[in-house]
Every structure is written in C-alpha cells, then in structure tokens.
Amino acid sequence: MSVRDPQPVERQLPTEEARDLLALAREIAQREIAPRAAEEEDAGRFPREIFTLLSESGLLGLPYAAEYGGGDQPYEVYLQVLEELAAARLTVGLGVSVHTLASYALATHGAKRQQVEHLPAMLGGGLLGAYCLSEPSSGSDAASLRTKAVRDGDEWVIDGTKAWITHGGIADFYTVMARTGEDGPRGITAFLVPGDAPGLSGAAPEKKMGMKGSPTAQVHFDGVRVPDDRRIGEEGQGFSIALSALDSGRLGIAACAVGVAQAALDEAVRYATERRQFGRPVADFQGLRFMLADMATQIEAGRALYLAAARLRDAGRPFAKQAAMAKLHCTDTAMKVTTDAVQILGGYGYTADFPAERYMREAKVLQIVEGTNQIQRMVIARHVAGPEGR
C-alpha cells in the first residue's frame, strides 16, 4: 500500500449512462488489461481477445449511431473512455482509436445501404479495422500517394503498398485511400476492403522501440478486386474524407496521450511517496514536489484542451484547429511527463521492473502518428496567420 495512492481523475460527464460507461471501461482496464500489459508488451503479443471483449461490452463503436451497433455517445464521452484504456495499455487505447478512425468513412460518408450492410459487424460484431493512407514515399505529404485503383466494369482493381498501418496484416477490414484520377488530392477515392480479399497481404511487423504488442506493418495490394458498392463517397472525394477523419482521429491520439501521461504521473506519485531518502519520503523534497505539480498541471491542461475540442465537434462546430492544438499539446506533454517520471524513479525508472520506461518509449510515437507535431504546428499556424505564400 502506498503512503498516498494517486487520486482518481475528476471527470465531468454529461449523463448517468456516460458515468456507467466510464466505470465499465475502468473496470475492464484494471481487471483485464493492466495486469498483463507489461508482460504482453515485452513478448510483443497483440491482445485480440480484449478487443472482442470491448466489442461485446459496447465500447468499440461508442461515437457512432446505435441503429448500426454503435453507442450513440458524444466525443467527450468516447475520448474519456479512450483515455482510461490507454492508461492501462496504449496498445489497446490506440487500437480502439484506430478502429474508430477506420470506421469513420463509412459511418459518415457511406450510403445508407452500405451502412446497413457493414456497420453492425464493424461497430459491435467483433471486427477490427485499419486505416490505410500513408505509403512508403508519402507520409506527411499524403496527397502524393501512389496506390492506384483502376475501374474494371463493376469492380475496382487496387495495386500498391501502404505503410505504417496499425493492425496491418491482422485487421478484418481496411479503409483504403487510392488514386483513381489525376495527381493531387482531387484524384483520391476511399474504399472499404475486406481483410481476406485475394491479393491483400501484410508484411512482417515493424520492429519498434515501443508498443511492441501493436502490429504496425506495410500492407500490399496486388490486384485486389473490390466491387464498386464498396467505394465510399464519390470518386475523388477520398482525400477530403481522409482529412476529416484525421481531425477526429487526432482527438483520439490526444486522449491516449493524456492516458499515458496520467499513468506515468500515478507511478511517479506512488514511488515518490514510498521511497525514503535521508529519513523521509522523496516526495517531501521540493525539487520532486515541483516536478509532480508541473506534471499534474500539464495533464489537466491537456485533458481540458481535448475535451474543449470534442465539445466543439459534438456541437457541430469547426474544430480542426483545436484538434491540432490538442494533439500537439497532449503528445508533447506525454513525452515530458513520462521522461520526468523516469527521472523521479531514478535508476529504477530506467529498468523494465517498473512501467515508467515503457510509458516513455510509448509516448514518443504519439508525437509522430496521425500527423507529426510539426504538421500540427503548420495546421495551427494556417488558422492563426493564414496560408503560406500569400
């Protein structure tokens, strides 16, 4: 028992149902996810059964319509559930965020018949999704992607390679952006591709410094045939769908970052109140107390920022600038807080016997995925100062 256990997060939730969902997420996180997180991350094991449990519990499609198996929850609730899951294990929290991102195109731009046919299995039927935008030669410059989809009668034939795909090779469905027309953003179209489509294959997962339990891999499309009724939206609309999805996805990354930072702070508080030097807990020393105060303040600021952006989204108001700010601030905060947590634990923080070093390694990727933080600064600057080269 710690001298002083970390205090639970104080949350403002809009309904009693939302409070129940947070309680359920916390229970699953504490009972099923956290106890095995360190061992399974070290072994590089992906916890597919946890995603099945989350689907069965109604937590895998929270922000989407109930008529298709979703939870009909506002983003401010969904993101706080995501934060709880990420605090227990980032592989799970980020996996839920990516699945939500992969479901976005169909849920928001799909035809009614497509939504009726596919969304129930995607949101509550145990399926797991992946989002395919980046390629080996087009990351930040996503509009230059080269994966092609060529029409052949009532089908499209997709050829190319996607890169850095979370759940690559294991997903049940892929939301794929492919070039169907001219160069640039206007020639890109979105498709819903089954994971078992002939010609689709995943490469060996990347060897990463963190999140070893979450497979990140190239996905190859070698003459993959997709019927036209799996095209999402109009031809040439894919890039605008992708950007819209990323605005929401960046809020998911922000929430995950706050979850990791909160877990690191909690670990630092536990250690600092238990560890004694010079006859008293190290938490009594001003240098460490001020570090803990700064860590807690930055986490609260990040949580407030992502929730403010989420509430704009829920109200149907523009939120792209705030989403970029939330992603930037929360992920930079996660990197700083986890680094400080390692410092507070001293030599123990550098060992795998404590989770602080894992949190630090995991936090780094959050500054990169779904738009690097340099890209976020470009997005924010355009909103503040207007486009470049005017």
Side-chain angles (χ1 to χ4, degrees), residues 59-64 70 73-83 85-86 90-110 122-123 128-134 139-140 142-143 145 162-168 171 173-177 188 190 192 211 214 216 232-233 238-260 302 305-314 318-331 334 365-376 378-380:
L59 296 177
L60 205 55
L62 283 177
Y64 297 124
Q73 292 298 310
Y75 245 64
E76 71 165 307
V77 173
Y78 155 66
L79 292 176
Q80 292 185 80
V81 167
L82 202 59
E83 182 190 329
L85 297 175
L90 184 57
T91 284
V92 175
L94 187 69
V96 173
S97 181
V98 167
H99 176 82
T100 303
L101 180 68
S103 302
Y104 177 92
L106 186 63
T108 59
H109 290 81
M122 292 164 59
L123 301 181
L128 188 64
Y131 180 79
C132 294
L133 177 62
S134 294
S140 296
L145 66 84
K162 294 295 182 177
W164 309 113
I165 306 304
T166 300
H167 306 153
F173 66 91
Y174 296 83
T175 295
V176 180
M177 305 301 163
I188 296 170
L192 181 67
M211 287 195 70
S214 175
T216 304
I232 304 173
F239 194 68
S240 64
I241 293 174
L243 293 185
S244 178
L246 287 174
D247 284 339
S248 296
R250 285 166 181 162
L251 293 182
I253 299 302
C256 286
V258 170
V260 172
L305 191 55
Y306 88 62
L307 285 174
R311 288 169 185 140
L312 286 175
R313 184 191 189 281
D314 292 334
F319 69 99
K321 177 182 74 172
Q322 290 80 3
M325 288 177 169
K327 200 274 184 182
L328 170 64
H329 175 85
C330 293
T331 59
V365 76
L366 298 175
Q367 294 178 302
I368 299 171
V369 297
E370 294 192 29
T372 66
N373 282 7
Q374 286 69 36
I375 291 293
Q376 304 313 311
M378 291 173 62
V379 171
I380 295 163

Contact check, side chains of [X] and [Y], non-hydrogen atoms, under 4.5 Å:
{"X": "Tyr104", "Y": "Ser244", "answer": "yes"}
{"X": "Thr216", "Y": "Met211", "answer": "no"}
{"X": "Leu101", "Y": "Glu370", "answer": "yes"}
{"X": "Lys327", "Y": "Tyr306", "answer": "no"}

Are the side chain of [X] and the backbone N or O of [Y] linked by a donor-acceptor pair below 3.5 Å?
{"X": "His109", "Y": "Ile232", "result": "no"}
{"X": "Lys162", "Y": "Met177", "result": "yes"}
{"X": "Thr175", "Y": "Ala102", "result": "yes"}

Please name the pair of heavy atoms, one in [X] and one in [Y], separated by the smallest distance, quoted to 0.1 Å.
{"X": "Leu79", "Y": "Ala255", "result": "O-CB, 3.4 Å"}
{"X": "Phe319", "Y": "Ala309", "result": "CB-O, 3.8 Å"}
{"X": "Thr331", "Y": "Leu366", "result": "CG2-O, 3.1 Å"}
{"X": "Tyr174", "Y": "His167", "result": "OH-O, 3.8 Å"}
{"X": "Asp314", "Y": "Pro74", "result": "OD2-CB, 3.3 Å"}
{"X": "Ala326", "Y": "Ala254", "result": "O-CB, 3.6 Å"}

Rounded to the nearest 0.5 Å, how far apart are [atom1] of [X] and [atom2] of [Y]?
{"X": "Ile375", "Y": "Leu246", "atom1": "CD1", "atom2": "CG", "value": "11.0 Å"}
{"X": "Ile188", "Y": "Phe239", "atom1": "CD1", "atom2": "CZ", "value": "5.5 Å"}
{"X": "Gln374", "Y": "Leu328", "atom1": "CD", "atom2": "CG", "value": "9.0 Å"}
{"X": "Ser103", "Y": "Tyr64", "atom1": "OG", "atom2": "OH", "value": "5.5 Å"}
{"X": "Tyr75", "Y": "Leu312", "atom1": "OH", "atom2": "CG", "value": "14.0 Å"}
{"X": "Trp164", "Y": "Ile368", "atom1": "CH2", "atom2": "CD1", "value": "9.0 Å"}

* To do: With sequence neighbours excluded, give me every salt bridge (Lys or Arg N to Asp or Glu O under 4.0 Å) pair touching residues 244-254.
  =>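 Pairs touching residues 244-254 that pass the test: Asp247-Arg250.
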* Pair Gln73-Val81, side-chain contact (heavy atoms from CB on, under 4.5 Å): steps then yes or no -> CA-CA 11 Å; Gln73 292 298 310; Val81 167; over 6 Å; no
